[in-house]
Amino acid sequence: MEKIPILKMGRFLLVSIQVDMHDRLAMTLQEDLTDRIVKENARGVLIDISSMEIVDSFIGRMLGSIASMSRMLNAETVVVGMQPAVAITMVELGLSLSGVRTALDVEKGMEILHRFRQPGEEETDIDDQA
Amino acid sequence: MTRHEKIEVRSSDDVVKVRQRVRALAVEAGFSLVDQTKIITAASELARNTVNYGGGGHAIVSLVKSNGRTGLRLVFEDRGPGITDIELAMQDGYSTGAGLGLGLSGSRRLMHEFEIDSAPGQGTKVTVTRWR
């Protein structure tokens, strides 16, 4: 069966959506990601959508669900690389992706995930409190 | 009318096929990237409605010309249960299914012209056009 690869990097999971996703594939990704978060004890999920030419209401809902589910499993989600034309279209469609953290590119997305790392897990963050 | 294509819309794979064909025609018609994105997104929403609510049907994608303007027209037609209350169905956030209820209202915002023809037991026909 067709699947979208999920890569593991430290405590983070990385997904780059490179295909024109049909609805079943989106549902499979959602299930695979939640499984992997638990299995790998992941702290963050980064989803790169820079290759996606559209985000319609179904994909938008999937991104929102992934963010909510990961949060419940103690992982943060950042969606990166949205094309400007996609952002313009989504707003007009009526999708705001509220509850989904975004960043312009993979690098900035990783910075956000590092900031959300649990205190004491690796080196401590500046704003950690004793 | 220069181009005209009919596409079966029965599964989520067909929704992808509709998006790809619509994209090809939108590029051919010379739409900007933002316009292409809007048209493909509307096509995706309406094709999914045809599959999920209409029980499948077909799409007709055509390049149209009027008063020297070029447009892309999409027609989605199914023989499903039809819509009882069109006004209600057109409201943001209203859905009889599990969706977000943005398909009809959202695609109306993304296109220049929007027409819906439906009655209970008569199926649904949605026609949308965007001009360049």
Side-chain angles (χ1 to χ4, degrees), chain A residues 1-4 16-32 34 47-69 77 79-100 102 104, chain B residues 9-27 31-53 56 74 76 90-95 97-112 114 128 130:
Chain A
M1 200 179 117
E2 195 185 358
K3 270 185 191 280
I4 294 169
S16 182
I17 302 172
Q18 306 273 352
V19 292
D20 196 344
M21 221 176 2
H22 57 70
D23 295 359
R24 264 178 296 110
L25 191 57
M27 296 309 291
T28 310
L29 174 64
Q30 198 169 297
E31 287 163 23
D32 288 353
T34 45
I47 304 175
D48 172 27
I49 61 164
S50 57
S51 303
M52 291 186 77
E53 64 179 13
I54 65 152
V55 172
D56 64 11
S57 64
F58 189 87
I59 305 293
R61 188 162 59 115
M62 177 207 72
L63 293 172
S65 304
I66 288 177
S68 309
M69 290 171 190
T77 301
V79 171
V80 307
M82 185 184 292
Q83 300 290 338
V86 171
I88 292 168
T89 301
M90 279 178 71
V91 170
E92 212 159 301
L93 181 66
L95 273 177
S96 59
L97 280 197
S98 55
V100 180
T102 57
L104 287 183
Chain B
V9 187
R10 312 218 157 266
S11 67
S12 74
D13 291 313
D14 292 337
V15 176
V16 174
K17 204 179 300 163
V18 168
R19 289 203 293 254
Q20 289 166 347
R21 292 314 303 150
V22 167
R23 179 179 185 279
L25 279 172
V27 170
F31 279 99
S32 72
L33 181 61
V34 172
D35 280 356
Q36 285 172 35
T37 308
K38 288 179 181 179
I39 298 167
I40 300 165
T41 305
S44 186
E45 297 292 341
L46 296 173
R48 183 176 296 109
N49 280 355
T50 300
V51 175
N52 292 354
Y53 300 105
L74 317 172
F76 292 87
M90 288 303 301
Q91 280 177 20
D92 265 354
Y94 177 81
S95 177
L100 293 175
L102 291 175
L104 287 176
S105 54
S107 41
R108 175 157 71 174
R109 284 191 291 270
L110 293 172
M111 302 297 277
H112 291 135
F114 182 101
V128 292
R130 188 166 179 102

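The chains referred to below are lettered A, B, ... by the order of the sequence lines, with proteins before strands, and numbering in each begins at 1. These figures come from a predicted structure and were not determined experimentally.
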Between Leu102(B) and Gly94(A), the two heavy atoms sitting closest are CD1-O, 3.6 Å

With 3.5 Å as the limit, can you list every donor-acceptor pair between chain A and chain B, backbone and side chains included?
unit_1	atom_1	unit_2	atom_2	d
Asp20(A)	OD1	Arg19(B)	NE	3.1
Asp20(A)	OD1	Arg19(B)	NH2	2.6
Met21(A)	O	Arg19(B)	NH2	2.7
Asp23(A)	OD1	Arg48(B)	NH2	3.0
Asp23(A)	OD2	Arg48(B)	NE	2.6
Arg24(A)	NH2	Asp13(B)	OD2	3.2
Glu53(A)	OE1	Arg23(B)	NE	2.7
Asp56(A)	OD2	Ser44(B)	OG	2.5
Asp56(A)	OD2	Arg48(B)	NH1	3.1
Asp56(A)	OD2	Arg48(B)	NH2	2.8
Ser57(A)	N	Glu45(B)	OE2	2.5
Ser57(A)	OG	Glu45(B)	OE1	2.7
Ser57(A)	OG	Glu45(B)	OE2	3.0
Arg61(A)	NH1	Ala98(B)	O	2.9
Glu92(A)	O	Arg109(B)	NE	2.7
Glu92(A)	OE1	Lys38(B)	NZ	3.1
Leu93(A)	O	Arg109(B)	NH2	2.7

Using non-hydrogen atoms and a 4.5 Å limit, figure out which bit of Val16(B) sits close to chain A: side chain, backbone, both or neither. both

Given heavy-atom pairs under 4.5 angstrom as the criterion, report whether the side chain, backbone, both or neither of Ile59(A) touches chain B. neither

Not counting sequence neighbours, which residues clear side-chain contact (heavy atoms from CB on, under 4.5 Å) with Val80(A)? List them please. Leu46(A), Asp48(A), Val78(A), Ala103(A), Val106(A)

Answer with side chain, backbone, both or neither: which region of Met90(A) has an atom nearer than 4.5 Å to a non-hydrogen atom of chain B? neither

